[in-house]
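Heads up: the structure comes next, in structure tokens.
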Amino acid sequence: FVPFVPRLSAANMSVVEHVREMASAGLHSNVRLLSGLLLTMSGNNPELFSPSQKYQLLVYHADSLFHDKEYRNAVSKYTMALQQKKALSKTSKVRPSTGNAASTPQSQCLPSEIEVKYKMAECYTMLKQDKDAIAVLDGIPSRQRTPKINMMLANLYKKAGQERSSVTSYKEVLRQCPLALDAILGLLSLSVKGAEVASMTINVIQSIPNLDWLSVWIKAYAFVHTGDNTRAINTICSLEKKSLLRDNVDLLGSLADLYFRAGDNKNSILKFEQAQMLDPYLIKGMDVYGYLLAREGRLEDVENLGCRLFNISDQHAEPWVVSGCHSFYSKRYSRALYLGAKAIQLNSNSVQALLLKGAALRNMGRVQEAIIHFREAIRLAPCRLDCYEGLIECYLASNSIREAMVMANNVYKTLGANAQTLTLLATVCLEDPVTQEKAKTLLDKALTQRPDYIKAVVKKAELLSREQKYEDGIALLRNALANQSDCVLHRILGDFLVAVNEYQEAMDQYSIALSLDPNDQKSLEGMQKMEKEESPTDATQEEDVDDMEGSGEEGDLEGSDSEAAQWADQEQWFGMQ
């Protein structure tokens, strides 16, 4: 906001020029104090400062308020400054100030009106008043909009669902700055063809050496935004293998996210760990990483990750989501709900925060509220299957099988017939006795495509269990476990082995499952049940102990309720019901 003005000696500077010098030096607290006093003086004596000087004082005072994060107050002062500027532009002459030495020309020293409006829009976005921000920026003529104004407008239009206007603004950014990669991602996310986007950068790619990778980069993220995970992974891998882009944290993070979307959790965790080793202060994507660790039962690692992220920044959604995942998988749903709400408050576009809060609400029996959050997640990330899975689980929890079937069919048609969409559709079919055969066909297709896809294996095992085809189930699970180790698969294999009286091996499978996830209650129950059946005398004694522990658990549950009330109160305090 501080224009360049030739430096004068202190003796020849007016008091407003002193304010401007301090603002330029970043002495915001000093600017705030002095400009506040001078504005009061001006209010008591309107002749003391010229209109142009009062305009400057208002802008510099508003800037200092913005720096102190007092956005509403800053908007008020910026509004007054723009009113002052409007009055100033109507007068051809500027009144000389009283008691001030020679002033610099008005055209040199006045802060830009366009910059004032941009700063106002920033205040409105911080206050979550996006409509007001758009209104302010829309008031700037198109020819006078700088790249940062167009970028802000594009993001605001996109958030408001005004896609055509958003595309226009992103394209204007690229016209002025053809290497604005975030603007490129913005266009791709709005379904603009990769070839069209690449054509807007072709001149700069050809004129600057070592930029040949950019066209491949655009192609890769075009695949990302069309949901073609396989080709996106292959294209980014080809980029990442190039010597000049090897070990790039952003590319590794994108690969990790793509593996996660494709249901390849093992490779996803591996890539997140590589990115984290290269940049120990990395925050982006760590919410997904924490979620994957929590799903695997590595709660101690999740807790450590959350603590590390909070030490980096508590003003991002990711550390709150990671801590929320720890709470969720520890069955502390009220706390998970509060942490998810806090994450959304910090970043309303955080898909992982919406999924966390939605899952917590669903598990607390607040299904309709959960549905709202999953729908918002789908709006923000239409190519992420886990958003649809959460919504379908809500429909099934409320016995809305028809709605679940419609949604699963839409996902199948939209994202294509891959192992994940086939399994999701089969999951819904399993809920209706009429469509059991269809579920079997879908799962067979899914396992033909990806024999190691855990969700498909689990659902096929569930179907075989219903049909009491335990030997077939054992063969299926052994085959799936040949090249991977998963707690749920080992536990289900244990259940099947019990059904065919293979008790010793079943015990081994439960032990392996518990070694992978010590918090897996079903494996623990399976093991305890077998121990009781093996030793009837010991079983009687254990029942007495269980009775005693049952009373202790009741006390714990009471504690949980009081904790739920505590977190519910805090949730209400944050206004995130």
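Residue numbers run from 1 in the order of the sequence given.
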**OP:** Verify, without hydrogens or angle tests, whether N304 (side chain) and E300 (backbone) share a donor-acceptor contact under 3.5 angstrom.
**Re:** yes

Original post:
Do you know which two heavy atoms are closest between P111 and Y55, and how far apart they sit?
Top reply: O-OH, 2.8 Å

Original post:
Stepwise, does the side chain to side chain contact (heavy atoms under 4.5 Å, CB included) test hold for C383 with T226?
Top reply: CA-CA 7 Å; C383 291; T226 56; over 6 Å; no

**OP:** Determine whether the side chains of S348 and K128 contain a donor N or O and an acceptor N or O closer than 3.5 Å.
**Re:** no

Subject >> Test: E70 and R32 ion pair at under 4.0 Å >> reply: yes

Original post:
Does S398 reach the main-chain N or O of C394 with its side chain, forming a donor-acceptor pair under 3.5 Å?
Top reply: yes

**OP:** Decide whether a cation-pi geometry holds between K119 and Y78; the criteria are a distance under 6.0 Å from NZ or CZ to the six-membered ring centre and an angle within 45° of the ring axis.
**Re:** no

Original post:
Does any non-hydrogen side-chain atom of Q84 lie less than 4.5 Å from one of Q56?
Top reply: no

Original post:
Thinking salt bridges, do E393 and R362 make one under a 4.0 Å N-O criterion?
Top reply: yes

Subject >> Within-4.5 Å side-chain heavy-atom neighbours: D68 and H28 >> reply: no

**OP:** For V321 and A343, work out which heavy atoms get closest and say how close.
**Re:** CG2-CB, 3.7 Å

Original post:
Looking at I114 and Q144, what are the two nearest heavy atoms and their distance?
Top reply: CD1-OE1, 3.2 Å

Subject >> Gap separating the CD atom of E376 from the CG atom of L355, nearest 0.5 angstrom >> reply: 11.0 Å

**OP:** Can you see which heavy atom on L214 is nearest to which on L181, and at what distance?
**Re:** CD1-CD2, 3.6 Å

Subject >> Side chain to side chain, E196 and K171, heavy atoms closer than 4.5 Å >> reply: yes

Original post:
Does the side chain of L309 come within less than 4.5 Å of D287's, by heavy atoms?
Top reply: no

**OP:** For E273, look at atom CD and say whether over 12 heavy atoms of other residues, nucleotides or ligands are found less than 6.0 Å away.
**Re:** yes

**OP:** Could you check if a side-chain atom of R366 sits within less than 4.5 angstrom of a side-chain atom of L337, using non-hydrogen atoms only?
**Re:** yes

Subject >> Audit row: L356, W320, side chain to side chain contact (heavy atoms under 4.5 Å, CB included) steps and yes/no >> reply: CA-CA 10 Å; L356 170 64; W320 299 90; over 6 Å; no

Subject >> Spacing of Y60 atom OH and R20 atom CZ [to the nearest 0.5 Å] >> reply: 5.0 Å

Original post:
To the nearest 0.5 Å, what is the distance between CE (M41) and CG (L48)?
Top reply: 4.5 Å

Original post:
Looking at side-chain heavy atoms only, is the closest gap between L292 and S268 below 4.5 Å?
Top reply: yes

Original post:
Does any non-hydrogen side-chain atom of Y388 lie less than 4.5 Å from one of F374?
Top reply: no

Original post:
Heavy atoms, side chains only, cut-off 4.5 Å: are D138 and Y157 in contact?
Top reply: yes

**OP:** Could you point out which residue of D182, L187, L188 forms a side-chain contact (heavy atoms from CB on, under 4.5 Å) with I184?
**Re:** L188

Subject >> Closest approach of V173 to A183 (non-hydrogen atoms, all atoms of both residues) >> reply: CG1-CB, 3.9 Å

Original post:
Is it true that K148 and E122 make a salt bridge, defined as a side-chain N closer than 4.0 Å to a carboxylate O?
Top reply: no

Original post:
Quick one: do the S112 and Y118 side chains pair a donor with an acceptor below 3.5 Å?
Top reply: no

**OP:** Mark yes or no for whether H67, through its side chain, and D63, through its backbone, hold a donor-acceptor pair below 3.5 Å.
**Re:** no

Original post:
Looking at CD of E318 and CD of Q352, how far apart are the two atoms once the value is rounded to the nearest 0.5 Å?
Top reply: 9.5 Å

Original post:
Closest approach of A275 and L282, non-hydrogen atoms and distance?
Top reply: CB-CD2, 3.8 Å

Subject >> Test side chain to side chain contact (heavy atoms under 4.5 Å, CB included) applied to T201 and L179, step by step >> reply: CA-CA 7 Å; T201 63; L179 293 180; 5.6 Å; no

Original post:
Okay, side chain of R384, backbone of A377: is any donor-acceptor separation there less than 3.5 Å?
Top reply: no

Original post:
Out of curiosity, L137 CG to Y124 OH, how far, rounded to the nearest 0.5 Å?
Top reply: 11.0 Å

**OP:** Tell me yes or no: between the side chains of K77 and H61, is some donor less than 3.5 Å from an acceptor?
**Re:** no

**OP:** Kindly check if the number of other-residue, nucleotide or ligand heavy atoms within 6.0 Å of NZ (K219) is above 12?
**Re:** no

**OP:** Decide side-chain hydrogen bond (donor to acceptor under 3.5 Å, both in side chains) for Q129 and R72; before the verdict, give the C-alpha distance in whole Å, the side-chain angles of both, and the deciding distance to 0.1 Å.
**Re:** CA-CA 11 Å; Q129 296 176 218; R72 209 169 293 281; 2.9 Å; yes

Subject >> Over 12 non-hydrogen atoms of neighbours within 6.0 angstrom of NZ in K69 >> reply: no

Subject >> side chain to side chain contact (heavy atoms under 4.5 Å, CB included) between L190 and S166, worked out >> reply: CA-CA 8 Å; L190 292 168; S166 182; 3.3 Å; yes

Original post:
Got a second to check how far Q274's CD is from M277's CE, nearest 0.5 Å?
Top reply: 8.0 Å

Original post:
Can any side-chain N or O of E163 pair as donor or acceptor with the backbone N or O of K158 at less than 3.5 Å?
Top reply: no

